[in-house]
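All values reported here derive from a predicted model rather than from experimental measurement. Whatever order the structure lists them in is the order used to number ligands and atoms, beginning at 1.
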Amino acid sequence: MKTKTKYIFVTGGVISGVGKGIMAASIGAILKAKGLKVSMQKCDPYFNVDAGLLNPREHGECYVTQDGAETDLDLGHYERFLDEEMTSNSIWTSGKLYKRLIDDERAGKFGGHTVQLVPHVTGLIQQTFLDNAKHFGSDVHIVEIGGTIGDLEGSHFVEAIREFPTKVGRENCLYVHVCYVPWLSTSQEFKTKPAQNSLRDLREFGIIPDMVVARMDVDRRVVVPQVATKLATFCGVSEDSVVLMPDAKSVYEVPLNAVKGGVLAPLERFIDHGDPDMHVWEELVDHIESDPKETVKIGLVAKYIDNTDTYLSVTEALKAAAWKVGVKLEIDWISAEEATEADFSDVDGIVVPGGFGVRGVEGKIAAAKYCLEHNKPYLGLCLGLQTAVIAAARRGGIKKANSEEFDAPADANVVYIMEGQKGKESTGGTMRLGNYPAKLVKGSKMAEIYGTTDVVERHRHRYEVNQKFLKEIEKGGLVVSGASPDGKLVEFVEAPACDYFVATQGHPEYRSRPYRAHPLFEGLIRASRQR
Ligand code: GLN
């Protein structure tokens with residue numbers, strides 16, 4: 001019989017951005033390595049209903065789940081660490097929560113009762129925990145609370161997790177508080193006072209954590225016993241429930257560092273399930289730390305080059321591929337607005353990632369044209385497929401070829417909005433989102449790369465290739481190598497004359513894992529290395 005689900009709640013203190021999400025995901029990875037079924041969710045205080053309309057420069061990448069939710073990049077971390085596919089219910093923002101509640105209130109679902117923060121908002125939050133655990137059949141469900149403790153806008157989530165043990169039993173709940181312990185260089189010491197204060201704030205809500213994770217920016221050897229003792233004394237936890245986490249060179253070291261830092265003792269008191277088998281992480285860290293002689297330089301032709309989080313899954317997918325192939329990866333950020341031929345010739349291979357809006361698009365089309373004409377490895381992702389198709393169509397004689405997104409004339413709209421989609425394109429609602437299947441052409445390069453002709457990739461786009469222009473596109477050097485099963489939508493293209501020129505309407509980067517490179521990225525790195 002299945003044991004009762006256990007819940008882990010991860011809060012943060014002092015400052016944000018110290019890796020609470022990575023720590024939460026690492027705890028998940030460790031529990032999974034013990035053979036437990038683990039799921040995760042994020043509770044984010046902001047009022048946007050989802051991340052679809054958020055500016056990626058400000059907020060980082062919009063991560064798309066298999067069921068088509070436009071979410072925060074944290075869910076990408078969860079998937080990469082847990083190797084589980086999240087769903088639209090894996091993230092609950094305040095906006096989504098209140099929208100649901102207000103919709104229900106307007107629909108008369110509260111039977112005339114007053115709708116209140118407690119128990120209605122907190123109750124709905126708790127229901128999301130129970131629903132997720134049930135959906136995934138979890139032994140352990142981990143909930144990360146966004147922001148830091150004491151943030152006014154996150155208090156409904158904190159109250160919800162405080163109340164939750166009344167529903168499932170305190171013994172089935174573990175509270176983890178991740179806080180920052182700064183180093184004061186003038187007096188050469190760590191200062192635990194801010195962490196103590198954040199733990200006091202947590203106590204004010206009625207939560208005494210079972211585990212305190214102290215993030216510190218100096219190697220643990222220089223540090224620490226005093227820090228652990230002090231935090232334990234002031235926070236009311238046992239000393240072996242304080243986990244000290246120094247900065248890691250790569251986020252993928254965090255699961256191993258957490259084990260070294262002492263995470264197992266408090267975890268094992270909570271759930272006893274044998275030793276974790278960490279070999280996947282050990283092998284990965286070996287790859288990361290190995291120092292290959294060969295370097296492969298990939299040009300990422302992008303609109304935002306000042307916030308690399310905007311393309312986080314793409315860069316993680318490139319890294320995974322480089323680790324697999326055994327080369328050092330150098331990413332050359334090429335500004336799409338200023339790109340020149342010299343930028344393209346300087347790199348071994350090129351990625352044109354997804355994007356929206358006209359800014360920088362001509363630079364991306366130029367990159368595709370350059371790669372077609374110079375047999376340079378090219379991987380086009382979503383918009384990167386569309387720019388490749390535009391470049392080919394122009395070469396094939398349609399001088400004004402463009403996408404309707406960028407005001408293509410009616411006789412040259414090689415990328416367009418299909419009939420059924422027209423007129424409803426104001427918000428995210430009209431996009432093709434989440435998993436879509438495709439049939440690859442037998443004998444194509446694409447089928448060879450994937451090793452199969454039936455593939456599924458996640459999507460997030462509104463425009464499609466206009467098959468009316470296939471002849472010209474082909475004349476320009478590109479053929480369709482995969483389409484939707486009904487043939488209506490172009491999903492993959494490739495250039496038969498080039499060694500590696502491939503593009504997909506999907507976003508394969510979302511399915512790459514650090515320890516399991518995606519074939520399209522691996523292929524790019526291999527082809528780029530050969531040059
Ligand atoms: N802007 C393009 C479209 O909506 C591509 C989107 C993307 O690259 N994710 O079709």
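Counting heavy atoms under 4.0 Å from ligand 1, residue E405 touches it through the side chain alone.
Ligand 1 places these atoms under 4.0 Å from at least one heavy atom of C382: 5 (C), 6 (C), 7 (C), 8 (O), 9 (N). The atoms of ligand 1 that sit less than 4.0 Å from any heavy atom of Y463 are 3 (C), 4 (O), 10 (O).
No heavy atom of H459 sits closer than 4.0 Å to any atom of ligand 1. For H507, the heavy-atom gap to ligand 1 drops under 4.0 angstrom.
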Could you go through R460 and E61, starting from their C-alpha distance and side-chain angles, then the distance that decides it, and tell me whether this counts as salt bridge (charged side-chain N to carboxylate O under 4.0 Å, His left out)?
CA-CA 12 Å; R460 181 185 184 229; E61 168 185 87; over 6 Å; no
Yes or no on ring-ring contact (aromatic ring centres under 6.0 Å, His included) for F492 and Y450, after CA distance, side-chain angles and deciding distance?
CA-CA 12 Å; F492 292 90; Y450 272 96; 5.7 Å; yes
Using the rule given for ring-ring contact (aromatic ring centres under 6.0 Å, His included), can you reason through Y252 versus H287, listing the C-alpha separation, both sets of side-chain angles and the distance that settles it, and then say yes or no?
CA-CA 11 Å; Y252 303 117; H287 276 301; over 10 Å; no
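Considering both main-chain and side-chain atoms, L383 comes within under 3.5 Å of ligand 1 through a nitrogen or oxygen pair. Considering backbone and side-chain atoms together, Q386 places an N or O closer than 3.5 Å to an N or O of ligand 1. An N or O contact shorter than 3.5 Å is missing between M431 and ligand 1 by distance.
A donor-acceptor distance shorter than 3.5 angstrom exists from the side chain of K445 to the backbone of D499, with no hydrogens or angles considered. Between the side chain of N466 and the backbone N or O of N413, at least one donor-acceptor pair lies under 3.5 Å. Side-chain atoms of H461 come within 3.5 Å of backbone atoms of Y463 as a donor-acceptor pair (strictly under, hydrogens ignored).
In this structure, E79 pairs ionically with R513, as a charged nitrogen and a carboxylate oxygen lie closer than 4.0 Å.
In this structure, W281 has its ring center under 6.0 Å from that of Y515.
The protein atom (non-hydrogen) at minimum distance from atom 5 (C) of ligand 1 is G355 O, 3.3 Å. The protein heavy atom nearest to atom 9 (N) of ligand 1 is R460 O, 2.8 Å. Annotation: atom 4 (O) of ligand 1 to nearest protein heavy atom, R462 N, 3.0 Å.
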